[in-house]
Amino acid sequence: MDRARNFMPGPNQELLDAKPLRSLAPMFPAPMGVNINQSSTPPLVVVTPVGQFPTGFGAGSLPAFGPFASFSATANTFSPAGTSANVPIDVTPVSAYKTRPSGVTPLNDDDEPYSVAQTSASERKAKRPADLAADGSNGVKFKHPKPIYKNHVAGKLLAFLPTSYSTPREAVEAVHMTFEALRRRHLQMDETQDVSRRADLKAGAIMMASEIRANAGKRVGTAPGVEIGDIFYFRMELCIIGLHAPSMGGIDYMSAKFGNGEDSVAICIVAAGGYENDDDDTDTLVYSGSGGNSRITEERHDQKLERGNLALERSLHRKNEIRVVRGFKDPAALAGKIYIYDGLYRIQESWKERTKFGINCFKYRLQREPGQRDGAAIWKRTQRWIQNASTRGTVIQHDLSSGAETFPVCVVNEVEHEKGPGHFTYTTQVKYPRPLSSMKALQGCGCQSVCLPGDANCACGQHNGGDLPYSSAGVLVCRKPVIYECGEACHCSLNCRNRVSQKGVRCHFEVFRTTNRGWGLRCWDPIRAGAFICEYAGEVIDELQVNLDDSEDDYIFQTVCPGEKTLKWNSGPELIGEESTYVSPDEFQPLPIKISAKQIGNFSRFMNHSCSPNVFWQPVQYDHGDDKHPHIMFFALNHIPPMTELTYDYGVVGAGTNRSKTCLCGSLTCRGLF
DNA sequence: GTTGATTCAAGTCA
DNA sequence: CTGACTTGAATCAA
């Protein structure tokens with residue numbers, strides 16, 4: 001029923017949807033590669049997308065369209081820099097460009113008006129156009145480095161990276177996903193050797209060295225492809241997607257040209273969350289300048305008006321937009337911290353304050369630009385709900401699962417009057433046609449207490465190809481044809497890390513009414529990439545008793561080959577000298593299992609399809625050994641901010657199914673049918 | 001489980 | 001080109 005309703009047309013997304021799915025962005029032609037093979041430098045193939053990239057500035061004045069709106073702007077249609085800026089500002093980055101490494105040349109070095117290839121600083125200064133503000137448009141002008149995206153390293157195509165990007169969002173997601181995959185794999189290897197070598201920094205270093213990054217070069221204003229509400233768990237993530245360059249420092253700044261003058265201005269700050277005063281006012285932020293603490297000695301001294309502090313001071317006068325990343329203590333994250341991109345702010349005032357150590361420090365009050373959708377505010381709201389579910393208003397059912405799930409699954413309808421989904425019987429389990437005892441048994445390990453990575457005697461580790469599939473934090477490292485969790489036959493305890501999905505749901509979900517796709521599923525908690533989400537519960541359909549009338553059943557799960565984004569979720573092994581685990585659509589082998597959640601099921605039956613999903617399915621075994629009928633478990637494809645609709649790829653039309661439906665996912669890479 | 005001290009760090013600017 | 005500058009993340013002890 002609900003999936004059937006997905007085909008009603010409708011132009012708008014949910015108000016709370018964190019992703020603006022529609023955009024007017026031009027499609028980039030698939031980039032070509034150029035192989036520059038130098039003996040002294042690693043052979044590199046660089047691909048450069050051709051096309052206009054957004055200025056970054058201006059998004060604040062187009063709140064109705066979200067960050068992508070500016071992307072459609074051409075060189076002559078820039079918007080004023082935000083509603084509150086009456087003063088013409090003309091800014092040109094001066095020291096914004098990383099010097100191109102020797103041996104690496106972008107393919108397209110032509111000089112488009114507002115898109116510049118990377119050149120050396122001296123070259124750039126020499127040819128900086130003097131007429132940037134000549135059109136009197138009151139607009140803000142930038143020259144931006146042309147982003148370089150690579151999917152080749154050492155002359156080899158990296159299977160885990162897309163061959164082309166049609167939007168900055170895709171590029172950012174691919175870079176971010178690659179970072180996370182590398183980080184998980186390094187963590188897995190470190191844990192195998194029982195050492196800690198900062199997998200985040202290691203993954204970041206590989207990304208930097210391979211130049212797999214987005215938005216290289218600095219810019220004032222939005223970072224294309226990074227959306228308000230996007231969440232991060234490591235500072236390096238901000239670095240490689242070009243949101244905030246310093247890997248440690250809190251203030252990112254650059255030198256920019258303002259009319260006839262030149263100034264250093266702040267472009268992004270990370271507010272570590274140490275100064276959270278007013279909980280309800282998420283639109284203002286008091287930020288402290290940096291410095292004053294000597295790392296070596298215990299000495300403290302007054303902060304100086306230089307570097308980042310000076311840039312903030314200049315930004316106060318220049319009134320330029322500053323990206324703000326807010327850090328919060330996240331009780332659910334192991335490191336205890338989560339970073340949320342909260343959009344653009346402007347500095348209102350600055351002052352000096354004497355700290356408790358008796359030193360002078362600079363303070364800056366920042367005001368969030370109006371008209372932007374909520375970022376950190378959503379997180380604060382959902383954190384309250386998690387602590388006390390009754391603070392969640394407009395609930396039409398308090399617990400769809402009637403207590404069957406760890407946490408209540410509420411139902412909300414904020415768009416129309418439908419009182420809830422049609423009747424079904426709630427179950428958290430998948431029901432097999434035959435009893436488990438009659439199915440093939442799963443072999444077990446003899447580990448005492450818990451299985452440990454690197455234990456060559458652990459049969460379960462061997463069964464999974466040598467490594468335990470989950471990190472100590474319970475995050476899946478890599479997609480595989482099947483994951484073997486520890487089960488009944490194992491000697492290890494329930495605390496074993498190789499029992500992630502069988503322990504069930506650990507997040508707070510809600511079923512909500514979408515504007516045009518029936519009911520959907522979203523989560524109050526931020527979910528990190530690789531985290532377990534839920535099982536597809538329902539009845540396993542016995543293929544010996546084929547139900548010919550299942551065309552009426554919109555709740556059937558089948559292992560249809562998903563799109564590229566799902567298939568490429570792996571560890572990026574080529575980057576660290578490991579063999580590719582990529583399975584192409586040609587090689588993809590569907591399983592015979594079919595699960596129907598029409599009569600019985602859990603909340604996963606409300607998860608909608610998207611061609612650009614944030615969730616993927618993964619076969620998992622733990623209570624039987626019939627590899628053709630595994631459990632279907634869902635995991636997060638990337639970090640998912642709270643209240644973002646959860647979607648997975650139902651699969652490519654024509655591959656193993658004769659039913660197809662018009663897709664309303666709105667993704668730019670939408671295949672049209674599923 | 002939570003908190004504080006301790007240690008080792010990456011990228012960028014000057 | 002090198003060092004100074006910035007503080008995060010992980011671990012271990014209390």
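Residue numbers begin at 1 in each chain, while the letters A, B, ... track the order of the sequences.
Remark: A:Y253 is not in phosphate contact with C:dC5, judged by side-chain N or O atoms under 4.0 Å from OP1 or OP2.
Whole-Å rounding puts the A:K337 NZ to C:dT11 P distance at 17 Å. The nearest whole Å value for the distance from the CD atom in A:E191 to the P atom in C:dT11 is 8 Å. Going from atom CZ of A:R183 over to atom P of B:dA10 covers 16 Å, rounded to whole Å. Atom NE2 in A:H244 sits roughly 18 Å away from atom P in C:dC5 (whole-Å rounding). Rounding to whole angstrom units, CD1 of residue A:I338 and C1' of C:dG8 are separated by 16 Å. Computed from coordinates, the A:L238 CG to C:dG8 P distance equals 11 Å when rounded to whole Å. If you take CG of A:L187 and C1' of C:dA9, they are 12 Å apart, rounded to a whole angstrom. Rounded to whole angstrom, the span from the CD1 atom of A:I251 across to the C1' atom of B:dG11 amounts to 16 Å.
At a threshold of 4.0 angstrom between heavy atoms, the contacts of A:G291 are confined to the sugar-phosphate backbone, with no base atom among them. Using a 4.0 Å heavy-atom distance criterion, A:D252 is classed as making no nucleic acid contact. Among the atoms of the strands shown, only primed sugar atoms or phosphate atoms (P, OP1, OP2) are found under 4.0 Å from some heavy atom of A:R235.
Among residues two or more places apart in sequence or in another chain, the side chain to side chain donor-acceptor pair (under 3.5 Å) test is passed with A:N464 by none. Applying the side chain to side chain donor-acceptor pair (under 3.5 Å) test to A:R185 and every residue at least two apart in sequence or in another chain returns A:Q188, A:D467, A:E578. Looking at residues two or more places apart in sequence or on another chain, you find no side chain to side chain donor-acceptor pair (under 3.5 Å) involving A:Q348. The side chain to side chain contact (heavy atoms under 4.5 Å, CB included) test applied to A:Q303 returns A:N309, A:C361, A:F362, not counting sequence neighbours. Looking at residues two or more places apart in sequence or on another chain, you find a side chain to side chain contact (heavy atoms under 4.5 Å, CB included) between A:D455 and A:C447, A:N457, A:C458.
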Identify each atom pair where a protein N or O and an N or O of nucleotides 1-3 of chain B are less than 3.5 Å apart, giving names and distance.
residue, atom, partner, partner atom, Å
B:dT3, OP2, A:K329, NZ, 3.4

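For A:S247, the listed nucleotide lying nearest its side chain is B:dG11; candidates were C:dA9, B:dA9, B:dG11. With B:dA9, C:dG8, B:dT12 as the candidates, the nucleotide lying closest to the side chain of A:R198 is C:dG8. Residue A:Y339 has its side chain nearest to C:dA9 when only B:dA10, C:dT6, C:dA9 are considered.
Under a cutoff of 6.0 Å and an axis angle of 45°, A:R183 and A:F234 do not form a cation-pi pair. With a 6.0 Å cutoff to the six-membered ring centre and a 45° limit on the axis angle, A:R479 does not count as a cation-pi contact of A:W569.
Mapping A:M248 and A:R307 onto DNA chain B via the closest heavy atom, the residue that lands nearer the 5' end is A:M248.
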